[in-house]
Amino acid sequence: QVQLVESGGGLVQAGGSLRLSCAASGRTFSSNTMGWFRQAPGKEREFVAGITWSGGRTYYADSVKGRFTVSRDNAKNTVYLQMNSLKPEDTAVYYCAAKKGRSTGVAVSDYDYWGQGTQVTVSS
């Protein structure tokens with residue numbers, strides 16, 4: 001079992017930055033691929049970024065590539081999402097997710113554990 005708690009969301013102006021954190025508990029955290037997803041009102045949850053268990057590989061949705069950076073600190077059982085150059089269309093609830101095993105994944109169904117989400121609102 002892995003429990004996930006996100007933090008760091010808030011209100012920011014367009015062009016600003018936020019850093020989200022996801023604190024994980026559970027002995028297998030360092031073995032999990034981790035992902036960030038987001039869900040805007042009236043839309044489906046979508047993949048944002050992922051990072052493999054060692055941090056050796058990161059991958060991103062085209063819509064955030066070059067602006068967002070995912071990282072992890074296995075010693076702290078924490079994964080981060082640094083978001084720069086934020087746009088109003090980035091407004092959503094952001095979710096942290098953990099995937100059993102070490103393979104990558106971009107679908108909601110690929111992930112087994114989810115946090116409760118944190119709201120990010122970008123004003124124009």
Side-chain angles (χ1 to χ4, degrees):
Q1 279 283 357
V2 176
Q3 290 79 43
L4 305 171
V5 179
E6 303 95 335
S7 61
L11 173 64
V12 64
Q13 289 188 332
S17 299
L18 282 175
R19 188 175 83 154
L20 305 183
S21 298
C22 173
S25 60
R27 293 185 298 172
T28 61
F29 172 78
S30 61
S31 300
N32 295 111
T33 289
M34 300 295 294
W36 286 96
F37 288 74
R38 65 187 182 187
Q39 188 167 17
K43 295 188 177 181
E44 295 187 349
R45 193 170 298 189
E46 64 175 5
F47 172 77
V48 174
I51 185 167
T52 54
W53 69 278
S54 66
R57 182 184 173 193
T58 58
Y59 47 107
Y60 300 90
D62 288 342
S63 58
V64 306
K65 205 170 291 184
R67 300 188 298 122
F68 290 11
T69 303
V70 61
S71 61
R72 67 190 295 165
D73 185 338
N74 286 345
K76 295 182 178 180
N77 282 3
T78 302
V79 63
Y80 305 97
L81 185 67
Q82 177 67 44
M83 305 185 295
N84 298 329
S85 302
L86 283 161
K87 305 175 181 180
E89 50 264 43
D90 295 318
T91 295
V93 177
Y94 283 71
Y95 297 90
C96 174
K99 182 181 180 301
K100 291 180 182 178
R102 300 181 175 183
S103 59
T104 59
V106 299
V108 170
S109 59
D110 290 334
Y111 288 78
D112 303 284
Y113 306 104
W114 294 84
Q116 82 289 348
T118 185
Q119 177 70 48
V120 171
T121 303
V122 184
S123 63
S124 57

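Residue numbers run from 1 in the order of the sequence given.
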Exercise. Are Tyr60 and Val70 close enough, and set up right, to give a side-chain contact (heavy atoms from CB on, under 4.5 Å), and what steps lead you there?
Worked result: CA-CA 9 Å; Tyr60 300 90; Val70 61; 3.5 Å; yes
Exercise. Is there a donor-acceptor contact under 3.5 Å from the side chain of Ser85 to the main chain of Gly15?
Worked result: no
For this session: Treating Ile, Leu, Val, Met, Phe, Trp and Tyr as nodes and any side-chain heavy-atom pair under 4.5 angstrom as an edge, say whether Val64 and Tyr111 lie in one connected cluster.
Result: no
Exercise. Can you tell if the side chain of Trp53 reaches within under 4.5 Å of the side chain of Met34, non-hydrogen atoms only?
Worked result: no
For this session: Would you kindly confirm whether Leu4 and Trp114 end up in one hydrophobic cluster when ILVMFWY residues are joined by side chain heavy atoms under 4.5 Å apart?
Result: no
Problem set entry | Interatomic distance, Asp110 atom CG to Ser103 atom OG [nearest 0.5 angstrom] | 7.5 Å
Problem set entry | Qualifying salt bridge (Lys or Arg N to Asp or Glu O under 4.0 Å) pairs, either residue in residues 40-50, two or more places apart | Arg38-Glu46
Exercise. Would Leu18 end up clustered with Ile51 when hydrophobic side chains under 4.5 Å apart are linked, directly or stepwise?
Worked result: yes
Problem set entry | Thr121 side chain near Val12 side chain, heavy-atom distance below 4.5 Å | no
Exercise. Going by heavy atoms in the side chains, are Thr104 and Thr52 under 4.5 Å from each other?
Worked result: yes
For this session: For the pair Arg67 (side chain) and Ser63 (backbone), establish whether a donor and an acceptor sit closer than 3.5 Å, ignoring hydrogens and angles.
Result: yes
Exercise. Does one hydrophobic cluster hold both Phe37 and Val120, with members joined at side-chain heavy-atom distances below 4.5 Å?
Worked result: no
Exercise. How about Tyr59 and Thr33: do any of their side-chain heavy atoms sit closer than 4.5 Å?
Worked result: yes
For this session: Check for a donor-acceptor pair, side chain of Asn32 on one end and backbone N or O of Ala98 on the other, with a separation under 3.5 Å.
Result: no
For this session: Report yes or no: do Asn84 and Ser17 form a side-chain donor-acceptor pair below 3.5 Å?
Result: yes
Exercise. Hey, quick one: are Tyr95 and Phe68 part of the same hydrophobic cluster, counting side-chain heavy atoms closer than 4.5 Å, chains of contacts allowed?
Worked result: no
For this session: Find the distance between CD (Glu6) and CD (Gln119) and round it off to the nearest 0.5 Å.
Result: 12.0 Å
Exercise. Thinking salt bridges, do Asp90 and Lys87 make one under a 4.0 Å N-O criterion?
Worked result: no
Problem set entry | Pi-cation contact, Tyr80 with Arg19 (under 6.0 Å, within 45°) | yes
Seminar exercise, completed: CG of Leu20 to OH of Tyr94, rounded to nearest 0.5 Å, is 7.5 Å
Exercise. Taking the six-membered ring for Trp, are the ring centroids of Phe47 and Trp36 within less than 6.0 Å of each other?
Worked result: no
Exercise. Got a second to check how far Thr78's OG1 is from Arg72's CZ, nearest 0.5 Å?
Worked result: 10.0 Å
Problem set entry | Side-chain heavy-atom pair Ser25, Val2 within 4.5 angstrom cut-off | no
Seminar exercise, completed: Ala14 and Pro88 have their tightest heavy-atom pair at CB-CD, 4.1 Å
For this session: Assess whether atom CD of Gln116 is packed by more than 12 heavy atoms of other residues, nucleotides or ligands within 6.0 Å.
Result: yes
